[in-house]
Amino acid sequence: MIGWFPLFLGTLALVSAALAVTRPSVVHGLMWLVAALLSLAATFFALGAGFAGAVQILIYAGAILAVFVFVVMTFDASPPALARERLRLKQAARWPLLMVLALGLPLAFGLWGGAVATGLAPGGRVPVQAVGGLLFGPWAVAVEIASFLLIAALLGARHLVRRDPPTDSERPAP
Amino acid sequence: MTDTFLIGMLVLAAGLFAVGLFGVLARRAVLFQLLSLEVMLSGPSLAFVAAGARHGDPAGQGMFVLVLILAAAEVALGLALYLRMARTADVTDSDSIRDLRH
Amino acid sequence: MTLSPALILLLVPSFALAAFMVLGLYPYTLRRRQVHIIALLGGALPLLIMAPLTGLCAAGHCLGVVPIFTLTVGQSVVALALTLDPLGATIGLTVSAIGAAVLVYSITYMAATSLADLRRFFALMNLFLAAMLTMVLAGDSIVFFLGWELMGLCSYFLIAYNTTSAESITAGRKAFIMTRVADAYLLAALLLLFLHANSVRLDVLIPASATLDATMTIVIAALLLGGALGKSAQVPFHTWLPSAMAGPTPVSALLHSATMVAAGAFLLMRFAPLMQLAPAVQVAAAVLGVATAAYGAMSALFQQDVKRLLAYSSISQIGFMMLSLGVGAPEAAAAHFVMHAIFKSLLFLAAGDITHGCVEGTDLSSMRGAWTRKPVSYVAFVAGGASLAGLPMITAGWWSKEAILSAVQGFGAVGQVLWLGAVLTALLTGAYASRAIMIGLMPMRDSDMPHAGNVHRHEAPRTGTIWTNLPLMLLATGAIVAGVLVTPIMHFLGAEEPHASAFSVYVAAAAPLLGVGLALALVFVPRLSEGLRNVRAISRKARKMPRRGEGGPQSRFVRLALWLNWGMRFDGLYQVMFVRPFVKGVRWLNGYGSAPADPVGTWPMLALVWLQQKITAPLAPDWFDKLWMWGAAGVVRLWALVRRVQTGRVRDYGFAMAGGIAGLLLLVWGTP
């Protein structure tokens, strides 16, 4: 059971992602993205990586996509826009598809060829405590640096969308 | 889990990456490209977690957490940029935003 | 220092050379007295050394060849030497004696010149004396040629002595150029001999000439003849001598009568053994000699200027010497050299004295009244003239001329024809000599009288002094008496006196007397004398040959006389043949006219430029250059192409990145 179930869920995620990418409407795309992310979370759970799955749902599908949703509200979803998107997708699909195949097929077939022996012990479930011990232990510095990155992103985002206040000459007379 | 199983998961991860790449290359709307970037990021995440699960190593999930943080930061900045660009440019067509050239 | 033969022989020209150096190079002023003393020493000391040496040689103790300097150049040995043999002794004594006489004469004759000019004059005269003595005593071809060239140089300087006169300078240049051309022949002959014998010593070269092959002998002999002809002013190289009379009288007396012009004959005397190996050249020399003698005599007969008359006379007399050499009697030529030196220098000195200070200069009319004005000089002139004419038995000239005529007659069939020509020339010689003498007897015209207005007092020449009279007297004595020396000279030089038939002797004796008669006819027969007056008028004023029928009733005679007066117009011929084309060529080379200056230098440049345009200019830019520039242009095109990659579109950049990764993956997939 543990063998094919994650595979099935992973395939589900893959299909959802493919659909997400090819919708003319953003909202539909987002919905399918949610589906893909949730499938991925399920895959993580099926693999025994409970922490990863939980974090995936909470942050990825929760926070990140929520931000996406806020932005989607500004998007133009009128029927002419949708028709235009459909047309553009049809026109632009050929070369990227070929390129992706050229990239993906060697990747897949290269992987298919051999099983790499790493010398690590075969395992199963990885308990959360182990992950925590890792993150708070040897990888603490990396986590701190990642937090720097988050603060930088926060400040940057705040700065980028700020509208400048009107100058003194533009302010209406009190 | 066996090695072939791991390989299958890795192939799926590669497929996710490829799909995401296709989305970036084929869609002209900036928002869709950002969306596709998320999909691309999920590919290596799956690969890390699967490998960690295969070997019972928490490092897989640790890497996944770091990737997640990266994705979050990137989304925040990316969408901020998108909103900023939306004020002056036509963000449904990234091909029209091409002033940074010769 | 022991008195070695080398030293003694070197002393002979050294004193004259030392006098030249002092007079020429001494940086401080020399007083007139001092100049005279130095010049006299330079002139007299060679004679004082030469006389005993000649006596020694006559007594049988000739010094022979005396090496003075030896240089080894690679494989060749250059041995310079002087020699004292009978020929050298005879000629050397003559030269030094005449040189001493002329220098003594010049002391007062040149009294009117400035001190600086006088110093120059005596310096050059001494240098000439040194050069001539060097040449006479030379034992090898290098010293010989050195003396020869120095003589030519001194001749140029002395002819052009009066540097303010364009005529003098032109005459000097003419003499130098013509003799230089002849000197080239001499040099060629000496070099050919050197190449053959590999030595410069004359006592090696001359015997070695016996081993030459026939053509080379003829070539060398002809070249030697050419050199002699030029220096001795024989036809065709003769036109410089009459013009050289523009120099002062002592110069004419020393150089151009007695010594230098006879140097050509001396050359042939020295190389007589070689000449005798080339009979063709000898015959040519004899024929040229008699032709020149006749030409000189004919031209001298109708000259209006006494110095030019004497110049043509020299040409004629040296023709006699050439004739003698041509028939193989160099000893008779040497004897005539000595006699001619005596009477010709005497004639020049006497004529100079007589005409000094006259209004007309050296024109024949200045000779008028010499019997009354200057009796001593006139008597000397008469003695010299008689010797020149060769009045039988009583003059020295007769004896040497008779020796020559006898030798010519003994030459065979050709000799008879030559003898006839020589006798006719002797007749003409008597004629012109008598003419000059007779004019001296004529009274002066009033217009010729020198009076206070004609001659400036402070320039009055001091003639009639002991300095001028003594040499004249001595030379006059010699001109009469020296005939007794002819036979001893010929014996000294190793030949027997040639025998002549009595008939030829009588004919030869009659010739000068007939010549005197001819001169009387010219002067006293009215038609002829009038014709001569016309000639005189035309030659002095119009200077153009009158056409047939013009010029009075004696027009044919006048035209003939004018033609001979102008030396058969050789000067004009040379002017047209050589001078004008040369001047034209020089002007053209210098770019007068439309041609570019220096076309000889410009044409190679123009040819090179044309070559460059035709050959190298089409190749530049060359293929390499073109390739390079094409590459450079290609880079620009490439850049224009590559620029288009920068579209500014995100999708395109992403596509490119994906393409790169795909490529890498394919690569990795290919490798195990």
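Each chain gets a letter, A, B and so on, in the order its sequence line appears, and its residues count up from 1.
- The shortest non-hydrogen separation linking B/Ala14 to A/Leu107 is CB-CD2, 3.5 Å.
- By number of non-hydrogen pairs under 4.5 angstrom with chain A, the leading residue of B/Val75, B/Ile69, B/Leu79, B/Leu81 is B/Leu79.
- When every heavy atom of B/Val39 is checked against every heavy atom of A/Ala17, the shortest pair comes out as CG1-CB, 3.7 Å.
- Rounded to the nearest 0.5 Å, atoms CG (B/Leu41) and OH (A/Tyr60) are 4.5 Å apart.
- To the nearest 0.5 Å, atom OG1 of residue A/Thr22 and atom CZ of residue B/Phe22 are 7.5 Å apart.
- The closest side-chain heavy-atom distance from A/Phe51 to B/Pro58 is not below 4.5 Å.
- Among the candidates A/Pro96, A/Ala93, A/Ala13, the residue making the largest number of heavy-atom pairs closer than 4.5 Å to chain B is A/Pro96.
- Only the backbone of A/Ser25 comes within contact range of chain B, with heavy atoms under 4.5 Å apart.
- Of all non-hydrogen atoms in B/Glu38 and A/Ile64, the two that sit nearest each other are OE1-CG2, 4.1 Å.
- Of the atoms belonging to A/Leu30, heavy atoms from both backbone and side chain fall under 4.5 Å from chain B.
- Of the atoms belonging to B/Val11, heavy atoms from both backbone and side chain fall under 4.5 Å from chain A.
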Check step by step if side-chain contact (heavy atoms from CB on, under 4.5 Å) holds for B/Leu66 and A/Trp139.
-> CA-CA 10 Å; B/Leu66 292 177; A/Trp139 286 23; 4.0 Å; yes
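- A/Arg163 touches chain B through backbone and side chain together, each having a heavy atom under 4.5 Å away.
- Of the atoms belonging to B/Met63, heavy atoms from both backbone and side chain fall under 4.5 Å from chain A.
- For the atom pair CG (A/Leu33) and OG (B/Ser42), the distance works out to 8.0 Å, reported to the nearest 0.5 Å.
- Contact of B/Tyr82 with chain A is made through the side chain alone, with heavy-atom distances under 4.5 Å.
- Taking B/Leu21, B/Leu68, B/Leu70 one by one and counting their heavy-atom pairs under 4.5 Å with chain A, the maximum is reached by B/Leu68.
- Looking only at distances, a side-chain donor or acceptor of B/Gln61 sits under 3.5 Å from a matching main-chain atom of A/Ala52.
- Shortest non-hydrogen contact noted between A/Leu89 and B/Arg27 is CD1-CD, 3.5 Å.
- Contact of A/Leu14 with chain B is made through backbone and side chain together, with heavy-atom distances under 4.5 Å.
- In this structure the side chain of A/Trp32 never reaches within 4.5 angstrom of the side chain of B/Leu35, judged on heavy atoms.
- The structure places CZ of B/Phe32 at 6.0 Å from CD of A/Glu85, a figure rounded to the nearest 0.5 Å.
- The contact between A/Ala130 and chain B is made by backbone and side chain atoms together, counting heavy-atom distances below 4.5 Å.
- The minimum heavy-atom distance between B/Leu31 and A/Val26, with the atom names listed, is CD2-CG1, 3.7 Å.
- Contacts of B/Ala72 with chain A are made by both backbone and side-chain atoms, with heavy-atom separations under 4.5 Å.
- With a threshold of 4.5 angstrom between heavy atoms, A/Ala63 does not approach chain B through any atom at all.
- The main-chain N or O of A/Leu160 is found under 3.5 Å from a side-chain atom of B/Arg84 such that the two form a donor-acceptor pair.
- Here the two rings, on B/Phe64 and A/Phe44, have centers that are under 6.0 Å apart.
- Interatomic distance, B/Asp93 CG to A/Arg84 CZ, rounded to the nearest 0.5 Å: 7.5 Å.
- When heavy atoms are compared at a cutoff of 4.5 Å, A/Leu97 approaches chain B by way of both its backbone and its side chain.
- Here CG of B/Leu16 is found 9.5 Å from OG of A/Ser16. Values are rounded to the nearest 0.5 Å.
- In this structure, A/Gln56 and B/Val49 have side chains that are not in contact, with every pair of non-hydrogen atoms separated by 4.5 Å or more.
- Between the A/Arg88 side chain and the B/Ala26 main chain, no donor and acceptor come within less than 3.5 Å of each other.
- Annotation for A/Val21 and B/Ser36: closest pair CG2-OG, 4.0 Å, computed over non-hydrogen atoms.
- With contacts defined as side-chain heavy-atom distances shorter than 4.5 Å, the pair A/Val126/B/Asp57 does not qualify.
- Of the residues considered (B/Gly62, B/Ala76, B/Gly78), B/Gly62 shows the highest number of contacts with chain A, using heavy-atom pairs under 4.5 Å.
- Using a 4.5 Å cut-off between heavy atoms, A/Leu134 contacts chain B through its side chain alone, with no backbone atom that close.
- Contacts of B/Ala59 with chain A are made by both backbone and side-chain atoms, with heavy-atom separations under 4.5 Å.
- Only the side chain of B/Leu83 comes within less than 4.5 Å of a heavy atom in chain A; its backbone stays farther off.
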